[in-house]
Structures are given as structure tokens and as C-alpha cells.
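Along the sequence shown, the residues carry numbers beginning at 1. Order of appearance sets the numbers: ligands from 1, and atoms from 1 within every ligand. Scope of the values below: all heavy atoms of this structure, side chains included, with no hydrogens, waters or symmetry mates.
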Amino acid sequence: MEPKVAIVMGSKSDFPKVKAATDMLDEFEIPYTLKIFSAHRTPNALADFIYEVDDSSNYKVIIAAAGMSAALAGAIAAHTIKPVIGIPISGSKLDGIDALLSTVQMPPGLPVACVGIDAAKNAALQAISIIALSDEDIANALWNFRTAQSQKVLKSNDEPFDAELKFRV
Ligand code: RP5
């Protein structure tokens, strides 16, 4: 049985910021289902999808990406005991601070694991680390990823310093 990730976005407009998560899952060859449902605008369809995810033992973890008054991750967590990782999406007048606070400030008893604003890559890596708990191949792949990442950082000591260098989140 192949472990799977469910990704829900509050709007199609969120996809450019969510793509880093799908890229990372593709890199680890982990299958995912990508859906658009809004906690506020399509509450019933969202709940129906999450019941399906909750019933399927293939799905190990859910990623929820939403901007503005982002209730999505919390609304999903209300319908499942599977782990939910929230990605607060920027783009509003408050530039994602609204979505960050909405996603991270869950009431006691109903947790959501919240990554940084637009931090889709980290959301995927967190999902992968959850899957790695019960999948040795994925665990090995994640250690290889970490090793390659460390080597890349260390190698930058040997490269000429570029004052214009831009760091990616
Ligand atoms: C949120 O409102 C969505 O997740 C999106 O970030 C934001 C704007 O949605 P659209 O107006 O682009 O559909 O619910």
C-alpha cells in the first residue's frame, strides 16, 4: 500500500505558492492528491473530501494551504485525526500574517502543524518525515536529501562570495 499525501488549497490562486510542495513530493516519488476546497466557501465539499481521506489508510498526512482568514487547516483537522500541516499563504493586504495567525493559533485539543508563510517546501518535507516513520525507503531517501543539503551548504564556503547573492526561503 503506497503512502499518499492529500493537499488541499483554498483557491486555485494559491497554486504558484504550493508548487514547491508538489515538486518536493515528486522528487521523493510520493503520490499525492491535489484539491481545491475552501473552509468558508465550500464547507460541505471540504468535509466530504476529508471524510474520504480519513477513511483511506493510504493517506498518511494532509497539507492545507490557504491565505487571508485561513480556516482551512483547522477545519480539516476538525474532521480527521490524521496529521494536518498548514501553509499560511501570502498575498493579502496583511501579506500572510493573517493566514499565519489563523492557521497557527488553534484551540487546545485540535492541533495543526503550521510551517512558515509560503513555506510549501517545508510542509512537504514535514509530510515526508511523517511518512518516513513507517517507510524505510522514504526514511533513507530523506537522510540522503539531508546529506546532500549539508554538502551543498558546506561547499558554499569554497565558492567566491557574491554580495548580490539572494537566499531563497
Ligand atoms: C483564501 O483566500 C485562499 O486560500 C486564497 O489564498 C485567498 C484568495 O482567494 P481567491 O479570491 O484568489 O479565490 O481562501
Side-chain angles (χ1 to χ4, degrees), residues 2-133 138 142 145 149 166-169:
E2 216 172 4
K4 220 170 158 179
V5 178
I7 305 176
V8 183
M9 303 182 291
S11 170
K12 201 174 176 180
S13 67
D14 295 322
F15 185 65
K17 286 164 185 158
V18 174
K19 192 177 175 297
T22 58
D23 287 348
M24 196 49 45
L25 293 171
D26 286 339
E27 195 175 319
F28 280 81
E29 296 179 3
I30 294 176
Y32 53 83
T33 305
L34 182 63
K35 293 281 185 186
I36 300 161
F37 293 116
S38 161
H40 298 119
R41 296 184 281 196
T42 67
N44 296 333
L46 172 66
D48 288 344
F49 175 64
I50 297 306
Y51 295 143
E52 270 175 45
V53 171
D54 195 60
D55 276 348
S56 159
S57 50
N58 278 28
Y59 287 108
K60 303 296 179 200
V61 51
I62 302 161
I63 294 175
M68 305 189 80
S69 177
L72 188 61
I76 289 173
H79 294 300
T80 181
I81 58 164
K82 295 194 178 185
V84 179
I85 302 167
I87 312 172
I89 299 290
S90 65
S92 67
K93 292 231 188 254
L94 299 182
D95 219 9
I97 296 291
D98 41 4
L100 172 65
L101 297 179
S102 301
T103 304
V104 80
Q105 288 288 25
M106 288 296 293
L110 204 84
V112 157
C114 179
V115 294
I117 296 170
D118 297 337
K121 179 177 177 177
N122 270 0
L125 286 167
Q126 191 74 89
I128 292 164
S129 72
I130 289 167
I131 291 169
L133 289 171
I138 300 290
L142 190 50
F145 171 86
Q149 182 171 251
K166 298 273 190 299
F167 291 96
R168 280 194 309 125
V169 179

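Between Cys114 and Leu100 the shortest heavy-atom distance is SG-CD1, 3.9 Å.
One finds the NZ atom of Lys60 at 12.0 Å from the CD1 atom of Ile30 (value rounded to the nearest 0.5 Å).
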Between side-chain atoms of residues 66-78 and protein atoms elsewhere (two or more places apart, or another chain), which donor-acceptor pairs fall under 3.5 Å?
none

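Ring orientation note: the planes of Tyr59 and Phe49 are nearly perpendicular, at an angle over 60° on the 30°/60° scale.
The salt bridge (Lys or Arg N to Asp or Glu O under 4.0 Å) analysis of residues 77-101, with sequence neighbours excluded, yields no pairs. Residue pairs meeting the salt bridge (Lys or Arg N to Asp or Glu O under 4.0 Å) criterion with at least one member in residues 23-35, sequence neighbours excluded: Lys19-Asp23.
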Are any protein N/O atoms closer than 3.5 Å to the N/O atoms of ligand 1? If there are, list each pair with names and the distance to one decimal place.
residue, atom, partner, partner atom, Å
ligand 1, 4 (O), Asp14, OD2, 2.6
ligand 1, 4 (O), Gly67, N, 3.1
ligand 1, 6 (O), Asp14, OD1, 2.6
ligand 1, 6 (O), Gly67, N, 3.1
ligand 1, 9 (O), Arg41, NH2, 3.2
ligand 1, 12 (O), Ser11, OG, 3.3
ligand 1, 12 (O), Ser13, OG, 2.6
ligand 1, 13 (O), Ser11, OG, 2.7
ligand 1, 13 (O), Arg41, NH2, 3.1

